[in-house]
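Written out below as structure tokens is the structure these notes cover.
Along the sequence shown, the residues carry numbers beginning at 1.
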Amino acid sequence: MKNATPLHPRRAACTGLALLVLLLAGCGALPDKPARATLYDFGPGPAASAAAASPAAAALPTLALAEIESNTRLDGTQILYRLGYADANELRPYGQSRWSLPPAQLLRQRLRDALAERRTVLGPEEAATIARAEGKVPDTLRISLDEFSHYFDSASSSVGLVRMRATLIRGTTGGDRVLGQRSFTVRRSAPSADAAGGVKALAAATDTAVAEIVQWVDQQPRQ
């Protein structure tokens with residue numbers, strides 16, 4: 001078998017250059033790395049007021065906070081908006097923006113923090129443990145999250161829209177008794193017509209709704 005004839009140096013250089021061009025072209029054809037979604041929450045939250053730290057506030061009775069109920073559309077982490085001027089019945093998701101947790105979970109954290117400034121707040125399992133050990137059943141606050149969207153009244157005007165229903169229940173030997181029930185609807189203007197503006201508006205609306213719920217609970221009959 002004859003030995004292969006070696007490439008001329010100039011021909012070898014041209015061949016190497018051609019291979020490099022093909023390699024670079026192939027790399028350029030690769031798909032871009034998918035962009036990561038921007039994650040949002042409600043921020044650090046308002047600071048506790050001086051009144052909340054007073055002895056009178058600390059004497060408020062213990063409260064159980066149930067898991068917040070919501071419709072299946074709000075179970076995910078998508079940031080949703082409605083074009084009220086086009087079709088208010090359609091919920092649309094922002095493509096590259098997400099909540100860090102489902103809205104109901106973020107709302108429950110915010111509400112629990114606000115209530116805990118004035119009283120001891122227990123989860124359902126903690127309340128059940130105390131009931132078994134001490135025979136005392138704390139009142140239970142149930143929240144239903146019915147609307148949580150960036151709502152556009154027009155192409156240039158939008159709000160964060162939050163609608164909830166709160167029910168305060170007292171457990172008795174004869175069964176549960178409803179102490180009170182109230183709906184809360186809050187709208188707060190969005191600073192921009194995008195996901196970031198919707199998040200700011202929804203966070204502000206949530207804080208207002210939470211403050212109203214806390215005030216309402218404090219006004220209900222005590223055990």
Side-chain angles (χ1 to χ4, degrees), residues 39-46 48 52 60-80 91 93 97-150 160-186 188 198-199 201-223:
L39 295 181
Y40 293 95
D41 58 19
F42 294 159
L60 291 174
T62 298
L63 183 70
L65 179 60
E67 297 296 332
I68 292 180
E69 300 176 355
S70 63
N71 62 57
T72 55
R73 197 67 175 92
L74 298 176
D75 286 344
T77 58
Q78 292 178 322
I79 300 175
L80 302 174
L91 275 172
S97 300
R98 296 286 188 275
W99 295 112
S100 60
L101 293 171
Q105 294 184 33
L106 292 172
L107 172 60
R108 189 176 185 277
Q109 290 178 354
R110 202 66 144 194
L111 181 56
R112 180 165 186 161
D113 289 345
L115 290 167
E117 293 175 2
R118 303 175 57 79
R119 66 178 77 225
T120 300
V121 181
L122 304 177
E125 294 183 359
E126 297 168 319
T129 299
I130 288 182
R132 289 192 299 267
E134 303 179 9
K136 297 179 180 179
V137 180
D139 292 344
T140 299
L141 177 62
R142 299 186 183 277
I143 301 292
S144 174
L145 180 60
D146 301 321
E147 179 69 22
F148 197 83
S149 66
H150 185 190
L161 177 59
V162 176
R163 189 173 70 250
M164 295 182 283
R165 185 176 67 257
T167 306
L168 190 61
I169 297 174
R170 176 165 297 170
T172 66
T173 54
D176 292 342
R177 179 164 62 93
V178 175
L179 297 179
Q181 186 177 79
R182 180 182 162 186
S183 294
F184 299 84
T185 300
V186 180
R188 287 293 178 268
V199 165
L202 283 166
T206 297
D207 284 339
T208 299
V210 163
E212 292 180 1
I213 291 173
V214 170
Q215 183 179 30
W216 175 77
V217 170
D218 289 350
Q219 294 172 347
Q220 301 308 304
R222 301 187 184 183
Q223 288 181 326

Is any side-chain heavy atom of R182 closer than 4.5 Å to one of R165? no

Can you tell me if R112 has over 12 outside heavy atoms packed within less than 6.0 Å of its CZ? yes

Roughly how far apart are L39 CG and S97 OG, rounded to 0.5 Å? 9.0 Å

Measuring from R170:CZ to D176:CG, what's the distance to the nearest 0.5 Å? 11.5 Å

Taking all non-hydrogen atoms of both residues into account, name the closest pair between A114 and V214 and its distance. CB-CG2, 3.9 Å

Give me each pair satisfying salt bridge (charged side-chain N to carboxylate O under 4.0 Å, His left out) with a member in residues 208-218, each pair once, sequence neighbours excluded. R118-D218, R119-D218

Using side chain to side chain contact (heavy atoms under 4.5 Å, CB included), reason through T140 and T167 one step at a time and then give a plain yes or no. CA-CA 8 Å; T140 299; T167 306; over 6 Å; no

pair R73-P93: side-chain heavy atoms closer than 4.5 Å: yes

Fit a plane to each ring of F148 and F42, take the angle between them on a 0 to 90° scale, and name the class: parallel (under 30°), tilted (30 to 60°) or perpendicular (over 60°). tilted

Which heavy atom of T77 sits nearest to which heavy atom of P102, and what is that distance? CG2-N, 3.8 Å

Identify the heavy atoms of D146 and N71 that sit nearest to each other, and give their distance. O-ND2, 3.7 Å

With a 4.5 Å limit on heavy-atom distance, are the side chains of I213 and L141 in contact? yes

Report yes if some heavy atom in the side chain of V199 is under 4.5 Å from a heavy atom in the side chain of W99; otherwise report no. yes

Closest non-hydrogen contact found for M164 with A209 is CE-CB, 3.3 Å

Are T206 and V186 packed together at the side-chain level, in the sense that at least one heavy-atom pair is separated by less than 4.5 angstrom? no

Is the shortest heavy-atom distance from the side chain of L101 to the side chain of Q109 under 4.5 Å? yes

What pair of heavy atoms forms the shortest contact from S100 to L106, and how long is it? OG-CD2, 3.9 Å

Given 3.5 Å as the limit, does a donor-acceptor pair link the side chain of R108 with the main chain of I143, or not? no

For the residue pair L80 and L74, establish whether any side-chain heavy-atom pair is separated by less than 4.5 Å. yes

What closest approach, in Å, do G160 and A201 show between heavy atoms, and which atom pair accounts for it? N-CB, 3.3 Å

Would you give the length of the straight line joining atom CG of L115 to atom CZ of R110, rounded to the nearest 0.5 angstrom? 13.0 Å

For the atom pair CG (L202) and NE2 (H150), what is the distance rounded to the nearest 0.5 Å? 7.5 Å

Can you confirm whether more than 12 heavy atoms, excluding those of Q181, are under 6.0 Å from its CD atom? yes

Does a side-chain heavy-atom distance below 4.5 Å link P61 with D139? no

